[in-house]
Amino acid sequence: MTAWRRSIPQQKKLGLPVPPHMPVTHDASKALWRGLEPILCVGDDGDFRPGIIRWLEEIRTEVLDSEEHVLNMVAIHAQGMTYGTQSSVFETGIDDKLSLNMVMFRHDYAGIAAVVDVVKSMDKAVTALTMFVRNLRSAAGDHSGKTQEIADRIRESAYADLDLLFRDRLANFDESQDPVMYSNAWLDEVHRLLLTMGRDYLSQSPVPVFEEHESGRFSKKNLQSRLMCKGVGGMDRNFSLLDDGWIPV
């Protein structure tokens, strides 16, 4: 299952009259649901979705000429390998499966854009959470060099905790759902989960936060800010990790 893109650099390099199609490489460190945009979306310059996805849309809309049939749910299965320097060495493999309603393969379905927006908003929210962890340790005067390691661990844990939620939400996203309402409810769940992670880290953190450092005295009252994540439909979502607590900037 391969999505494609047009490559202007390859066109110039090979002296071709039109850009050749190059495969879109999936990041093996990410779950399949984090890379759905090239698989499901049709751009202004053409339809470069995987052939199996275009075929499934054709089956649903042209061959069977029906909106209701046995293929309402389909599991897409991505397998492959990634390579290292100059594609000369094998690095790791990709083997992931995802259940989607057949409507997700219809190129004009509004729910596809909603899914892509939710994933992008979630990525921003996870980044905000890791920045909160980094800033918390920095404000506490931690110069041990472990800040990045801990932030990376928090990021990995956040995506692991979100994985089941996203798979379930994607499997249940069908034409009976209003795309905006469904995705907003989805983002609310992401919001609550990341808030819990932030609170848990703050309560369990061994780093002494409120003490005097080189930049002056920190206090809970004068150090408070908010993490924001842009939601679907232009909604600003407040990712404040504590209602009355301390979140450094």
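Heavy-atom basis, side chains included; hydrogens, waters and symmetry copies ignored. Index from 1, following the sequence.
Here Arg34 does not pair with Asp27 in a salt bridge; the nearest charged N to carboxylate O distance is not below 4.0 Å.
Here Asp152 pairs with Gln148 under the side-chain hydrogen bond (donor to acceptor under 3.5 Å, both in side chains) rule; sequence neighbours left out. For Asp47, the side-chain hydrogen bond (donor to acceptor under 3.5 Å, both in side chains) partners two or more places apart in sequence, or in a different chain, are Arg49. With sequence neighbours excluded, the residues satisfying ring-ring contact (aromatic ring centres under 6.0 Å, His included) with Tyr182 are Phe173. Asp108 is linked by a side chain to side chain contact (heavy atoms under 4.5 Å, CB included) to Arg106, counting only residues two or more places apart in sequence or in another chain. Shown here are the salt bridge (charged side-chain N to carboxylate O under 4.0 Å, His left out) partners of Asp178, two or more places apart in sequence or in another chain: there are none. Residues meeting the side-chain hydrogen bond (donor to acceptor under 3.5 Å, both in side chains) test with Asp168, sequence neighbours left out: none. In this view, Ala75 and Lys97, Ser99 satisfy the side chain to side chain contact (heavy atoms under 4.5 Å, CB included) rule, not counting sequence neighbours. Take Thr130 and apply the side-chain hydrogen bond (donor to acceptor under 3.5 Å, both in side chains) test, not counting sequence neighbours, and it matches Arg155. The side chain to side chain contact (heavy atoms under 4.5 Å, CB included) test applied to Pro38 returns Ala3, Val24, not counting sequence neighbours. Evaluation of the salt bridge (charged side-chain N to carboxylate O under 4.0 Å, His left out) rule for Asp163 yields Arg167 as partners, not counting sequence neighbours.
Clustering ILVMFWY residues whenever any of their side-chain heavy atoms sit less than 4.5 angstrom apart, transitively, puts Val74 in the very cluster that holds Phe166.
Through side-chain heavy atoms spaced under 4.5 Å, either directly or across other Ile, Leu, Val, Met, Phe, Trp or Tyr residues, Leu16 is tied to Leu14. Other members of the hydrophobic cluster containing Trp4, listed by chain and number, are Phe48; membership follows side-chain contacts under 4.5 Å among ILVMFWY residues, whether direct or relayed.
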